[in-house]
2 protein chains.
Amino acid sequence: MAKSGAPSNVMVRGGARSAETRRLLIEAAVDVLKSDGYAGASARVIAERAGSNQGLIFYHFGSVANLLLAALDSVSTARMEQYGSSVGAVGSATELVDSATEIFRSDLDAGYITVLVEMIAGASSTPGLGAEVAARIGPWKEFAQLAIEDALGDSPLGQVLPSKDVAYAIVALYLGLEMLSHLDGDRQPALALFAHAKQLAGLFEAMTGPSSTKET
Amino acid sequence: MAKSGAPSNVMVRGGARSAETRRLLIEAAVDVLKSDGYAGASARVIAERAGSNQGLIFYHFGSVANLLLAALDSVSTARMEQYGSSVGAVGSATELVDSATEIFRSDLDAGYITVLVEMIAGASSTPGLGAEVAARIGPWKEFAQLAIEDALGDSPLGQVLPSKDVAYAIVALYLGLEMLSHLDGDRQPALALFAHAKQLAGLFEAMTGPSSTKET
DNA sequence: GTCTATACTTGGATAGAC
DNA sequence: GTCTATCCAAGTATAGAC
């Protein structure tokens, strides 16, 4: 039963050729999600952008939805690898805002949040997809929560606001800001908000005194 | 040239029968956007839910996208009529949060924000749709801005934070919270946030003194 | 003027070629 | 094992019936 035949439902096949094809398709899927959204992400369009045949999508991933989930995974992984290190470096509210600003700007330019938004919104149209997407947002929330706890954990504000709820809000805000920025083709208003947030953070730190910052 | 014939690109036709068909189609379009999202909102699906013929969509609206825009207009209008009166009644930060909470809960149940989210996310896939949707978000931003100015206009916080930027953030947050709530099928985390916001508003009012509330 | 039947296009999925 | 040619369903749009 070892080397036997017909493509099963379970993905991930052996050959190096296969891996390369998969990589190209995932890359193209991410690209199409960014430019044409979920509704425009058909097997044909994705395959064409990958310079590949549309049938391969069903061979390698079983369905378009599965490929799109793989694309979301790819983006999530890339993002976490990119930012995972910068979490620990945060020590105060202003630094947290600075870090968040940089991450948001970077995410916006890379189109990471676009992919996430399109997958969330698109999930409504494909039965079963919602749960899969929901499961993949966990890391995004956890990442935000970790950053918040690192920065505000033992400060007065940290006592009042549960980090989990705040993380939820931050992720929601990211999604919403992406949508509006993307729609208007103008990221300026969103970035202006981060500038205000930094002002507020500074104000808050001044009010509660320098002792509120974490010392390692 | 008065009573002449062939359906032009410009919509809105005369008869009462026509108006009724249009109404049914718009209603169905809103419904389908809520349940199946933009990607699932095809002419066939919408027409079937309206108990109507799919060809009528193209006769009355010229394209599916135009019908969906009409659906968005319908939702926007209904929402503004529903909440327009409650804006003036707000006099303090806590009242503003209370009002916002109620509006958010109502929006969530009615599916208004779902329609908006789907249209924004879906706009990526249809050329030209983005600009149309963007133009229709103006009122939502203005509504939020007006409410904020009413509540915070001459308070200390109102001096620091430009109402336009804050309104932008609020709308973005609404969109994001809707997406997450909708995806998880759980509105509890989002509503918990409003509870926290009320705490903060109360804290803020206590700090700045009762003089910061508006007197009419 | 309003609506239905039909034409044509694109999309998902697979049977079969290599 | 990997990929391509082909099938059928679903989509948009319109020509023509009422």
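Residue numbering restarts at 1 for every chain, and letters A, B, ... go by the order of the sequence lines. Reckoned from all heavy atoms, side chains included, excluding hydrogens, waters and symmetry mates.
- Protein atom OH of Y38(A) is 14 Å distant from nucleotide atom P of dG11(C), rounded to whole Å.
- Taking a 6.0 Å sphere around NZ of K164(A), one finds it holds 12 or fewer heavy atoms contributed by other residues, nucleotides or ligands.
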For nucleotides 8-11 of chain D, tabulate all protein N/O to nucleotide N/O atom pairs closer than 3.5 Å, reporting atom names and distance.
unit_1, atom_1, unit_2, atom_2, d
dG11(D), OP1, S42(B), OG, 3.0
dG11(D), N7, R44(B), NH1, 2.3

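- Within the structure, ring pair (Phe, Tyr, Trp, His ring centres under 6.0 Å) pairs that include any residue of residues 18-50 of chain B do not occur (at least two apart or interchain).
- What separates CD1 of I46(B) from C1' of dA13(D) is a distance of 15 Å, to the nearest Å.
- The closest donor-acceptor contact from the side chain of R49(A) to the backbone of V45(A) lies at 3.5 Å or more, if one exists at all.
- Applying the side chain to side chain contact (heavy atoms under 4.5 Å, CB included) test to V133(A) and every residue at least two apart in sequence or in another chain returns L69(A), L72(A), M119(A), I120(A), A123(A), L129(A), I137(A), L183(B).
- With sequence neighbours left out, the salt bridge (charged side-chain N to carboxylate O under 4.0 Å, His left out) criterion links K34(B) to no other residue.
- OP1 and OP2 of dC3(C) both lie 4.0 Å or more from every side-chain N or O belonging to Y59(B).
- Residue order along DNA chain D, read from the 5' end via each residue's closest nucleotide, puts G55(A) first among G55(A) and N53(B).
- I57(B) places its CD1 atom 14 Å from the P atom of dT14(D), with the value rounded to the nearest Å.
- Within 4.0 Å (heavy atoms only), T21(A) reaches sugar-phosphate atoms of the nucleic acid but no base atom.
- We find that CG of L25(A) is positioned 11 Å from P of dT4(D), with the value rounded to whole Å.
- With sequence neighbours excluded, the residues forming a ring-ring contact (aromatic ring centres under 6.0 Å, His included) with Y174(A) are F104(A), listed by chain and number.
- Here dG1(C) presents its C1' atom at 12 Å from CG of L56(B), a figure rounded to the nearest Å.
- The nearest whole Å value for the distance from the CG atom in D36(A) to the P atom in dG11(C) is 10 Å.
- Rounded to whole Å, the distance from CZ on R17(B) to C1' on dC18(D) is 13 Å.
- For E20(B) and dG1(C), the CD to C1' distance is 16 Å, given to the nearest whole Å.
- Applying the side chain to side chain contact (heavy atoms under 4.5 Å, CB included) rule to S106(B) yields the partners Q82(B), Y83(B); only residues at least two apart in sequence or on another chain are considered.
- The phosphate of dG1(C) has neither OP1 nor OP2 within less than 4.0 Å of any side-chain N or O from H60(B).
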